Participant: 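I'd like to ask you about the structure that follows.
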Amino acid sequence: MLLMFEVKPYPELSWSLSRHKTMLTCSRKYAYDYYVSHNGWLRSADTLAKQAYRLKKMTNLEMHFGSVVHDLIYQTIQRVLKNESVMTEQEFTDEVRHHLNRGFIESTKKEHLWMNRPKHYTMLHEIYYSQTDTLPEAKVRKITDRLQKTVGNFYSSKTFNDVRNKEQMKFMESETFRFLKTDEAKVFIVMDLVYKDLDNDQWIIVDWKTGKSSDEDRNQLALYALYLQHKHGIESLDDIIIRNEYLVDGTHVEHQLIDQDLINVQHLYQISMEQMKLYLEDTEKNKPLPVEQFPMQDDPRVCARCNYQELCFPPS
């Protein structure tokens, strides 16, 4: 059976906390991320769409590290649940190093492959914009230090202990993309781990953090709780525990949310959607205004970390 892939001129309007955050940080970056880069993966796409899509797929050392660790944690937990052998801490550490080294090699020696297939190869921001084949020493030291702490803290974490004690736990299938459907848009939610503690009859949502704690963590957790309530018909928030596992310092924080948390995140969503619609020329089609009408950020520190420098400040 041949499945036809429909090419749409504009993306579907969706919402996520990361999309909201991007819009607040820089509306020009928001335009590149969610509109200009649309269809940039197609051979037939125009040059700007291809360039924006490629730059969107660029990562940086901290993000790449976090992504690699999250992937390996997911694989490790799956192996435990299937009663398969699990990597030792040293093997886990070596595997992270292997992926980081591969990302470095792809960034320095395989740029041509990334240019053509940016989704399948790694390009580090630090390499691309410095035009050198070296990473800042301070960053390398920071990631090396973070790696040692993160792996040890994962293996000794409360959550991994729960996973190993799996007879008392019921694990949910972790779909890659979960979403809530509202009248206006799909609200995307990506959860690291969800399970039910059968002894205490409580749902536990876990979010692994490979960086610092943030004020936004609570909103993120409220969104997860909202999703879980809808999906599984959970009446009381008392039956949901949300846990942040901070892997760098080896702590975990459990939150007991209240109804006001859910009201706050729904309010945030509504205000954010209204703001997003101001950038649309046609709300039915989700057709954006011309890119020039998305204001640029004027803080050079924000621009210095951005993937789209070459689009905003093309070399003269």
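Because only heavy atoms are used, hydrogens play no part in the values below, and waters and symmetry mates are left out as well, while side chains stay in. Worth saying up front: this structure is predicted, and the values here are computed from it rather than measured.
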Participant: For the residue pair D192 / Y224, report whether a side-chain donor-acceptor contact shorter than 3.5 Å exists.
Facilitator: no

Participant: Name the orientation class of the two ring planes belonging to Y128 and W114 (parallel below 30°, tilted from 30 to 60°, perpendicular beyond 60°).
Facilitator: perpendicular

Participant: State, to 0.1 Å, how close I143 and L100 come at their nearest heavy-atom pair, and which atoms those are.
Facilitator: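 Residues I143 and L100, closest heavy atoms: CG2-CD1, 4.0 Å.
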
Participant: So L221 and I205, do their side chains get closer than 4.5 Å, heavy atoms only?
Facilitator: no

Participant: Ignoring hydrogens and angles, tell me if any N or O in the side chain of Q309 forms a donor-acceptor pair with the backbone of A304 under 3.5 Å.
Facilitator: yes

Participant: Decide whether K166 and N83 meet the rule of one side-chain donor and one side-chain acceptor closer than 3.5 Å.
Facilitator: yes

Participant: Without hydrogens or angle criteria, can the side chains of Q51 and E310 be said to hold a donor-acceptor pair below 3.5 Å?
Facilitator: yes

Participant: Can any side-chain N or O of Q297 pair as donor or acceptor with the backbone N or O of T25 at less than 3.5 Å?
Facilitator: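 The answer is yes, because a donor-acceptor pair under 3.5 Å joins these two groups.
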
Participant: Quick check: closest heavy atoms across S14 and A185, and the distance to 0.1 Å?
Facilitator: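 Heavy-atom minimum between the residues: CA-CB, 4.0 Å.
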
Participant: Examine distances only and state if a side-chain atom of H232 and a backbone atom of L228 form a donor-acceptor pair shorter than 3.5 Å.
Facilitator: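 Not confirmed, H232 side chain does not pair with L228 backbone.
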
Participant: Looking only at heavy atoms, what is the nearest atom pair of E184 and M273, with distance?
Facilitator: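 Closest approach of E184 to M273: CB-CE, 3.9 Å.
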
Participant: Mind checking whether Y30 and F294 have parallel, tilted or perpendicular rings, split at 30° and 60°?
Facilitator: tilted

Participant: Using a 4.5 Å cut-off on heavy atoms from C-beta on, say whether the side chain of L24 contacts that of K21.
Facilitator: no

Participant: Mind checking whether H99 and T122 have side chains closer than 4.5 Å, heavy atoms only?
Facilitator: no

Participant: When hydrophobic residues are tied together by side-chain contacts of less than 4.5 Å, even through go-betweens, does Y246 share a cluster with Y74?
Facilitator: no

Participant: Check for a donor-acceptor pair, side chain of R178 on one end and backbone N or O of V190 on the other, with a separation under 3.5 Å.
Facilitator: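 Pair absent, no side-chain N/O of R178 close to backbone of V190.
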
Participant: Got a donor-acceptor contact below 3.5 angstrom from the S67 side chain to the M63 backbone?
Facilitator: no

Participant: Go through the structure and list residues passing side-chain contact (heavy atoms from CB on, under 4.5 Å) with P300, not counting sequence neighbours.
Facilitator: none

Participant: Given side-chain contact (heavy atoms from CB on, under 4.5 Å), test N307 with H125 step by step and report yes or no.
Facilitator: CA-CA 7 Å; N307 287 7; H125 186 285; 3.5 Å; yes

Participant: Between W203 and Y195, does a ring pair (Phe, Tyr, Trp, His ring centres under 6.0 Å) hold up when you go through it step by step?
Facilitator: CA-CA 6 Å; W203 293 84; Y195 58 100; 9.7 Å; no

Participant: Looking at G103 and S107, what are the two nearest heavy atoms and their distance?
Facilitator: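 So the minimum-distance heavy-atom pair works out to O-OG, 2.8 Å.
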
Participant: Ignoring hydrogens and geometry, is there a side-chain-to-backbone donor-acceptor pair from Q202 to D239 under 3.5 Å?
Facilitator: no

Participant: Ignoring hydrogens and angles, state whether a donor on the side chain of R218 or H255 is under 3.5 Å from an acceptor on the partner side chain.
Facilitator: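 The answer is yes; a qualifying pair exists.
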
Participant: L81 and M169: same hydrophobic cluster, using ILVMFWY side-chain contacts below 4.5 Å?
Facilitator: yes

Participant: Given 3.5 Å as the limit, does a donor-acceptor pair link the side chain of K285 with the main chain of P9, or not?
Facilitator: no

Participant: Please examine the side chains of N60 and L124, heavy atoms only from C-beta on, and report whether any two atoms are closer than 4.5 Å.
Facilitator: no

Participant: Please assess K56 against Y32 for the test side-chain contact (heavy atoms from CB on, under 4.5 Å), listing each intermediate value before the final yes or no.
Facilitator: CA-CA 8 Å; K56 178 183 178 177; Y32 288 138; over 6 Å; no

Participant: To the nearest 0.5 Å, what is the distance between CZ on R146 and CG on L61?
Facilitator: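 One gets 9.0 Å once the value is rounded to the nearest 0.5 Å.
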
Participant: Going through the distances and angles, do S130 and T132 end up as a side-chain hydrogen bond (donor to acceptor under 3.5 Å, both in side chains)?
Facilitator: CA-CA 5 Å; S130 70; T132 64; 2.9 Å; yes

Participant: Check whether the side chains of Q90 and D94 place a donor and an acceptor atom closer than 3.5 Å, and report yes or no.
Facilitator: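 Note: Q90 and D94 side chains meet the donor-acceptor criterion.
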
Participant: How about S18 and S16: does a side-chain donor come under 3.5 Å of a side-chain acceptor?
Facilitator: yes

Participant: To the nearest 0.5 Å, what is the distance between CG on L147 and OG1 on T210?
Facilitator: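 OG1 of T210 is found 11.0 Å from CG of L147.
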
Participant: Is the shortest side-chain N to carboxylate O distance from K170 to D197 below 4.0 Å?
Facilitator: no

Participant: Is there a donor-acceptor contact under 3.5 Å linking the side chains of D282 and Y10?
Facilitator: no

Participant: Can you give me the closest heavy-atom contact between H252 and E254, atom names plus distance?
Facilitator: CD2-CG, 4.0 Å

Participant: Does the side chain of H20 come under 3.5 Å of the side chain of S272 through a donor N or O and an acceptor N or O?
Facilitator: yes

Participant: Between D133 and K109 (salt bridge meaning N to carboxylate O under 4.0 Å), is one present in this structure?
Facilitator: no

Participant: Charged N to carboxylate O under 4.0 angstrom, D145 versus K142?
Facilitator: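 Judged by the 4.0 Å cut-off on N to carboxylate O distance, D145 and K142 do not form a salt bridge.
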
Participant: About how many Å separate CG of L223 and CG of L262, when rounded to the nearest 0.5 Å?
Facilitator: 9.0 Å

Participant: Where the side chain of D217 meets the backbone of S214, is there a donor-acceptor pair that is under 3.5 Å apart?
Facilitator: yes

Participant: Looking at D249 and K149, is any side-chain nitrogen of the basic one under 4.0 Å from a carboxylate oxygen of the acidic one?
Facilitator: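 Judged by the 4.0 Å cut-off on N to carboxylate O distance, K149 and D249 do not form a salt bridge.
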
Participant: Say whether Y308 and Y35 are linked into one hydrophobic cluster, either directly or through other cluster members, by side-chain heavy-atom distances under 4.5 angstrom.
Facilitator: no

Participant: Between the side chains of E126 and K139, is the shortest nitrogen-to-carboxylate-oxygen separation below 4.0 Å, so that they form an ion pair?
Facilitator: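 Salt bridge between K139 and E126, a charged N being under 4.0 Å from a carboxylate O: yes.
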
Participant: Where do Y269 and W15 land on the ring pair (Phe, Tyr, Trp, His ring centres under 6.0 Å) test, with the steps shown first?
Facilitator: CA-CA 8 Å; Y269 163 76; W15 192 87; 5.3 Å; yes

Participant: Rounded to the nearest 0.5 Å, how far does OG1 of T251 lie from CG of L247?
Facilitator: 9.0 Å

Participant: How far apart are the closest heavy atoms of C306 and K29, and which atoms are they?
Facilitator: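 The answer is SG-CD, 4.2 Å.
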
Participant: Could you go through the side-chain contact (heavy atoms from CB on, under 4.5 Å) check for E95 and V69 one step at a time?
Facilitator: CA-CA 9 Å; E95 194 63 21; V69 170; over 6 Å; no

Participant: For a 4.5 angstrom cut-off between non-hydrogen side-chain atoms, does T88 reach Y155?
Facilitator: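 No. Closest side-chain heavy atoms not under 4.5 Å.
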
Participant: Looking at S37 and A49, would you say the former's side chain and the latter's main chain have a donor-acceptor pair under 3.5 Å?
Facilitator: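 A pair under 3.5 Å: no.
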
Participant: Answer whether the closest heavy-atom distance between the side chains of P11 and N286 falls below 4.5 Å.
Facilitator: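 Side chain of P11 against side chain of N286, heavy atoms only: contact under 4.5 Å found.
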
Participant: Using salt bridge (charged side-chain N to carboxylate O under 4.0 Å, His left out), reason through K196 and D201 one step at a time and then give a plain yes or no.
Facilitator: CA-CA 7 Å; K196 192 170 186 183; D201 199 28; 3.2 Å; yes

Participant: Would a 4.5 Å heavy-atom cut-off, applied to side chains only, mark P118 and M123 as touching?
Facilitator: no

Participant: Tell me whether N101 contacts the main-chain N or O of R97 through its side chain, where contact means a donor paired with an acceptor under 3.5 Å.
Facilitator: yes

Participant: Does V248 share a hydrophobic cluster with F160, counting links as ILVMFWY side-chain heavy atoms below 4.5 Å and allowing steps through other members?
Facilitator: no

Participant: Measure the acute angle between the ring planes of F154 and F92, then classify it against the limits of 30° and 60° as parallel, tilted or perpendicular.
Facilitator: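 Tilted.
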
Participant: When you group the ILVMFWY residues by side-chain heavy-atom contacts below 4.5 Å and let the links chain together, are L72 and F65 in the same group?
Facilitator: yes

Participant: Can you tell whether the side chains of R243 and D162 come within less than 4.0 Å, N to carboxylate O?
Facilitator: yes

Participant: Hey, does L280 have a side-chain heavy atom less than 4.5 Å from the side chain of T283?
Facilitator: yes

Participant: Is there a side-chain contact (heavy atoms from CB on, under 4.5 Å) between L55 and M58? Walk through the geometry before answering.
Facilitator: CA-CA 5 Å; L55 295 174; M58 195 189 302; 3.5 Å; yes

